[in-house]
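Following: one structure in structure tokens, then a few remarks.
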Amino acid sequence: MAHPALSEGSIKRIVDGSQEQPILQILGAKLIPNSDNERYRLLISDGVHLHSFAMLSSQLNYMFKEGSLSDFTIFRLMRFNTSTINSKNDSAGKRVIVILEINVLVPGHNVGGKIGNPLPLDQKPDQNIAGAAAPSVVAPRATSSFTPKTTGIYNTGASTSSIGSGYGGYKSSLAKNDITLKDYVIHPISTLTPYQNKWVIKGRISNKSNIRTWKNDRGEGKLFSFEMADQTAEIRATAFKDQVDMFYDKIEVDRTIYMTKCSMKSADKRFNATKHEYELTLNSDTIIQGCFDEDHELPVTHYTFVPISQIAKMEPNSMIDVIGVCYTAGDVVQFTARTSGRELKKREVTLVDNSRATVSLTLWGEDAENFDASYQPVIAIRGARVTEFGGGKTISLASGSLMKKNPDIPEGHQMRGWFDNCANVDEIEMNVSARTGGASNIKTDWITFHEAKIRNLGMGDAPEYFQTKAIVHLVRLNNCVYKSCPQAECNKKIIDQDDGTYRCEKCNASYTNFKYRFLVSMSIGDWTSNRWVTCFNEVAEQMFGKTAQEYGELQAINSDEAEALLTNIHFNSFIFKLRIKMEHFGDSNRNKINVVSATPINYKEYNEYLMKDLASLTGIGMN
DNA sequence: CCCCCCCC
């Protein structure tokens with residue numbers, strides 16, 4: 001059957017600046033992931049060359065949706081622009097064709113296949129993704145393209161004459177174009193081990209870091225890392241120094257590549273978010289080549305989502321995958337890190353999932369600034385870092401983490417459906433980031449106020465914890481409650497707008513109600529000394545045996561009774577677990593103590609402590 | 001060969 005002939009060589013001419021209306025063929029069309037606007041990218045062919053950076057102008061998006069841009073479609077390119085995209089360190093840049101108008105000549109299903117044998121257009125000789133000429137290290141499976149691929153070549157070792165001893169001896173005189181990795185047997189990424197050094201993998205780049213430099217005792221240099229995935233697994237690869245220069249610009253997220261000949265080592269799970277047991281280091285033998293077809297078949301990221309409720313049990317510093325709905329988001333907060341002096345920006349976001357738990361996610365820097373929480377998007381994170389804070393767990397984005405908004409994966413659609421149709425905010429059962437409760441279980445030593453002082457407890461950067469038996473001397477009645485944001489996870493003080501509404505700056509919202517929370521200052525004394533300490537809501541409610549709400553409401557009608565409710569605990573003894581830390585307010589520094597818990601005295605435990613203390617002081621009764 | 005990822 002006769003189709004219009006493709007305008008052979010036109011892609012090259014267009015890239016070089018020609019204006020014409022060539023006839024071309026579509027070999028693939030896909031949504032560009034991660035872009036804020038819906039954009040589609042076409043793989044087009046003129047029968048001789050391929051061009052994979054043809055972007056559909058957004059007013060033509062409907063053509064993709066109605067199916068008129070199916071694979072193999074023959075079309076005339078009526079109007080287009082070309083532009084050069086500079087990737088970060090690529091002064092040469094790459095030509096992009098922006099398609100403004102298309103006339104479909106033959107729908108793809110009437111064509112049924114690829115015309116000719118188009119090859120990727122080398123925009124510049126040294127821009128070839130294969131990099132500089134490198135010796136082949138694996139044998140071609142066969143010279144004939146009709147020979148089916150088998151894995152035998154790897155299993156049997158030197159099964160063809162072209163394999164020299166140890167593979168490294170393969171003729172280095174081969175021109176780079178003679179090494180075409182797509183003609184080799186492709187190994188599933190999951191099967192890579194250091195015990196098998198002859199492999200070619202094909203995968204989609206799922207993550208890529210910036211170039212980072214380092215300097216330490218062992219030297220200095222630069223590096224970047226990336227991850228690539230096929231249907232079986234995902235693996236991390238790192239390039240150092242020369243390999244950074246050679247490959248950084250060739251590695252693009254979402255591009256599919258072939259790769260062979262890297263060093264392999266065990267993955268360090270502290271920093272490697274993939275599930276792979278090993279990771280790769282690029283070296284001077286490494287060959288990477290772009291894949292210009294079939295790439296839409298490959299998956300991008302391998303997730304193993306942990307229900308948010310389970311994060312409570314995760315080890316600090318572990319890396320986990322999480323998916324949830326961004327339920328609330330705070331503002332970007334800028335501050336100076338006290339230890340490093342660096343200016344930092346962060347944003348706290350709350351995720352919720354159908355385990356009916358919420359977790360606080362911390363975003364940093366650009367991720368914090370660029371985060372758009374509108375319409376409560378689904379957020380998927382591969383490799384979030386678990387941090388313990390005050391007994392609760394939070395997660396944060398670290399380098400190597402991958403965050404996707406509204407990911408087009410089944411779990412993403414499920415999460416959306418659950419949140420929009422089934423989720424009831426009142427049914428959220430757990431905030432795994434909640435600080436109270438957890439911290440009261442921490443092991444603390446018995447230390448008196450006097451000892452704390454002479455030992456300079458809490459004078460360093462890190463908070464320190466201790467416990468002592470103390471008597472409440474005086475509860476400060478002024479400002480012992482405040483009106484806070486009514487949202488369950490937000491305890492920010494609200495601004496009374498004097499019109500019956502209350503504004504929460506953190507949630508950027510106004511409410512008609514608020515909730516009371518205790519923030520109580522009290523003087524407590526053990527047998528050595530006394531200190532002013534601060535009790536937050538949960539601890540104060542336990543000590544007073546009343547909720548802040550009850551107190552606040554009572555205060556409004558009978559302040560004497562309300563006052564009695566607080567002074568009621570004067571001269572009562574508790575075991576106080578205390579957190580002591582330097583706090584900085586402008587110029588002044590204060591060694592501040594917060595009450596982690598105040599519990600009635602367990603005399604059995606307390607006496608055991610006294611006995612032990614006595615024994616060690618006197619040397620009597622010690623074995 | 002990096003591997004810091006910050007703060008309350």
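Convention: sequence-line order gives letters A, B, ...; per-chain numbering from 1. Just so it is clear, the values below take in all heavy atoms, side chains as well, and ignore hydrogens, waters and symmetry mates. Keep in mind the model is a prediction, meaning the values are calculated, not measured.
- Out of B/dC6, B/dC4, B/dC1, the shortest distance to the side chain of A/T281 is found at B/dC1.
- Legend: residues meeting ring-ring contact (aromatic ring centres under 6.0 Å, His included) with A/W446, ordered by chain and number and at least two apart, are A/Y606, A/Y609.
- A straight line from CD1 of A/I211 to C1' of B/dC1 spans 16 Å, rounded to a whole angstrom.
- Straight-line distance from the CZ atom of A/F226 to the C1' atom of B/dC2: 15 Å, rounded to whole Å.
- The distance between atom CD of A/E348 and atom P of B/dC5, rounded to the nearest whole Å, is 17 Å.
- Between the CG atom of A/N272 and the C1' atom of B/dC2 there is a distance of 12 Å, given to the nearest Å.
- At B/dC2, one or more side-chain N or O atoms of A/N216 fall inside 4.0 Å of OP1 or OP2 (strictly under the cut-off).
- Here the CE-CG distance, from A/M459 to A/N591, works out to 5.5 Å after rounding to the nearest 0.5 Å.
- Ion pairing between a basic and an acidic side chain is recognised when a charged N comes within 4.0 Å of a carboxylate O; A/E505 and A/R503 show such pairing.
- For the pair A/K483 and A/F514, the cation sits on the ring face: its NZ or CZ lies under 6.0 Å from the ring centre, inside 45° of the axis.
- OP1 or OP2 of B/dC1 sits under 4.0 Å from a side-chain N or O of A/K265.
- Backbone-only contact: A/R218 has heavy atoms under 4.0 Å from sugar-phosphate atoms and none from a base.
- Taking atom CZ on A/R270 and atom P on B/dC3, their separation rounds to 11 Å, with Å as the unit.
- Stacking between A/F389 and the base of B/dC8 is present: ring centres sit under 5.5 Å apart and the planes differ by under 30 degrees.
- Between A/D321 and A/K275 there is a salt bridge, with a side-chain nitrogen of the basic residue lying less than 4.0 Å from a carboxylate oxygen of the acidic one.
- For the segment residues 234-245 of chain A, the set of residues with a heavy atom within less than 4.0 Å of an atom of DNA chain B comprises A/R236, A/T238, A/F240, A/K241, in numerical order.
- Every residue two or more places apart in sequence or in another chain was checked for a ring-ring contact (aromatic ring centres under 6.0 Å, His included) with A/F371, and none qualifies.
- The shortest distance between the side-chain N/O atoms of A/R212 and the OP1/OP2 oxygens of B/dC3 is below 4.0 Å.
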